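Here the structure comes first, spelled out in structure tokens, and everything after it is commentary.
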Number of protein chains: 2
Amino acid sequence: MDIDKVFKALADPTRRRLLDQLHSESGQTLTALCEHMDMSRQAVTQHLQQLEEANLVAIVWQGREKLHYLNPVPLHEIYTRWIEKFEHGRLDALHNLKQRLEGDDNDKT
Amino acid sequence: MDIDKVFKALADPTRRRLLDQLHSESGQTLTALCEHMDMSRQAVTQHLQQLEEANLVAIVWQGREKLHYLNPVPLHEIYTRWIEKFEHGRLDALHNLKQRLEGDDNDKT
DNA sequence: TTGACATGCAAGTAAATGCTTGCATATTAT
DNA sequence: ATAATATGCAAGCATTTACTTGCATGTCAA
């Protein structure tokens with residue numbers, strides 16, 4: 001699992017919107033997805049390719065139609081590898097930062 | 001909170017490494033952070049600026065030294081706004097996808 | 001006060017990114 | 001068989017991104 005590809009895929013608002021579309025309705029075709037987007041079909045294709053390479057979207061061919069399915073596993077991976085880790089001691093970190101900031105400006109107890 | 005800036009800030013491996021550095025030791029100066037990185041000080045500065053604009057890092061000036069602190073709140077925001085949402089029904093989604101894939105190749109019940 | 005240290009500012013550049021357009025291919029429907 | 005539909009491939013282009021280098025500024029210490 002290339003976590004860098006996942007982060008890069010998520011970095012673009014259009015791609016996040018595509019994920020949202022697939023979340024609201026699973027298995028949409030390329031043209032169906034294009035209808036919500038204000039850009040050429042090729043642009044959407046290229047975004048979907050990046051999502052596919054990041055394993056965030058899985059493709060199923062059905063005749064000439066290309067169906068898109070959301071795969072939430074990489075998102076979960078980001079959670080366990082990145083968010084959970086920093087979440088740990090979240091309140092402590094904020095508390096320490098706050099104290100440091102306050103101590104820098106005044107001597108509030 | 002500009003979630004796009006957060007995603008974009010996280011999209012770069014160098015910036016994620018900087019966050020890791022700050023996670024392992026809080027309140028490091030710019031030069032301290034530079035020691036771990038294989039690029040010019042200015043490059044690191046620019047990365048840290050993006051992290052700051054995304055609110056992932058908070059700065060505290062102490063004389064001529066610039067101390068960097070990690071702020072985990074935006075990460076938590078990503079979790080609640082993006083991951084949790086897709087997490088919901090994670091197993092279902094996988095199950096459906098699997099069924100669809102199997103149904104496409106054979107007629108397994 | 002002078003020199004060393006920590007950082008900022010800004011211009012320049014190579015590579016990556018997002019998008020378009022034109023044409024090609026494969027599948028379905030009439 | 002032919003036309004319409006769904007998609008792919010590839011070249012081209014403008015913008016953004018990551019990085020460097022050179023110089024300027026502010027702070028601390030001898």
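As a basis for the values below, the full set of heavy atoms in this structure was taken, side chains included, without hydrogen atoms, waters or symmetry mates. Order of the sequence lines sets the chain letters (A, B, ...), proteins ahead of strands, with each chain counted from 1. None of the values given here were measured: they were computed from a predicted structure.
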Contact residues, residues 31-48 of chain A to DNA chain D [heavy atom, < 4.0 Å]: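 Thr31(A), Arg41(A), Gln42(A), Thr45(A) - these, ordered by number, are the residues of the stretch whose heavy atoms sit under 4.0 Å from the strand.
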
Identify, with sequence neighbours excluded, every residue that meets salt bridge (charged side-chain N to carboxylate O under 4.0 Å, His left out) alongside Asp2(A).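 Partners of Asp2(A) by the salt bridge (charged side-chain N to carboxylate O under 4.0 Å, His left out) criterion come out as none, since no residue qualifies.
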
What residues, two or more places apart in sequence or in another chain, satisfy salt bridge (charged side-chain N to carboxylate O under 4.0 Å, His left out) together with Lys8(A)?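 Scan of Lys8(A) (salt bridge (charged side-chain N to carboxylate O under 4.0 Å, His left out), adjacent residues dropped) gives Asp4(A).
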
Between dT17(C) (P) and Gln50(A) (CD): distance, integer Å: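 It is 7 Å, rounded to the nearest whole Å.
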
Could you list all the salt bridge (Lys or Arg N to Asp or Glu O under 4.0 Å) pairs where at least one residue sits in [range], not counting sequence neighbours?
range: residues 33-45 of chain B; value: none
range: residues 17-29 of chain B; value: Lys85(A)-Asp20(B)
range: residues 62-79 of chain B; value: Glu77(B)-Arg81(B)

Give each protein N/O atom lying under 3.5 Å from an N/O atom of nucleotides 13-15 of chain C, with the pair distance.
none

Would Ile78(B) and Ile78(A) count as a side-chain contact (heavy atoms from CB on, under 4.5 Å) if you check the C-alpha gap in whole Å, the side-chain angles of each, and the deciding distance to 0.1 Å? CA-CA 10 Å; Ile78(B) 283 192; Ile78(A) 282 192; 5.7 Å; no

Side chain to side chain contact (heavy atoms under 4.5 Å, CB included) partners of Ser24(A), counting only residues at least two apart: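 For Ser24(A) the side chain to side chain contact (heavy atoms under 4.5 Å, CB included) partners, ignoring immediate neighbours, are Gln21(A).
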
Pairing residues for Gln42(B) by the side chain to side chain contact (heavy atoms under 4.5 Å, CB included) criterion, not counting sequence neighbours: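 Expected list: Ser40(B), Thr45(B), Gln46(B).
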
Whether each nucleotide of nucleotides 25-30 of chain D has a protein heavy atom under 4.0 Å at its base (B), only at its sugar-phosphate (S) or at neither (-) is summarised, 5' to 3', as -BBS--

Close approaches to DNA chain C from residues 1-9 of chain B, in residue order (heavy atom, under 4.0 Å):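 Within this stretch, nothing sits under 4.0 Å of the strand.
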
Test of understanding: with side chain to side chain donor-acceptor pair (under 3.5 Å), list the residues that count as partners of Gln50(A), not counting sequence neighbours.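 Only Arg15(A) meet the side chain to side chain donor-acceptor pair (under 3.5 Å) criterion with Gln50(A).
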
Relative to each other, are the rings of Phe86(B) and Trp82(B) parallel, tilted or perpendicular (30° and 60° limits)?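 Parallel: the ring planes of Phe86(B) and Trp82(B) meet at under 30°.
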
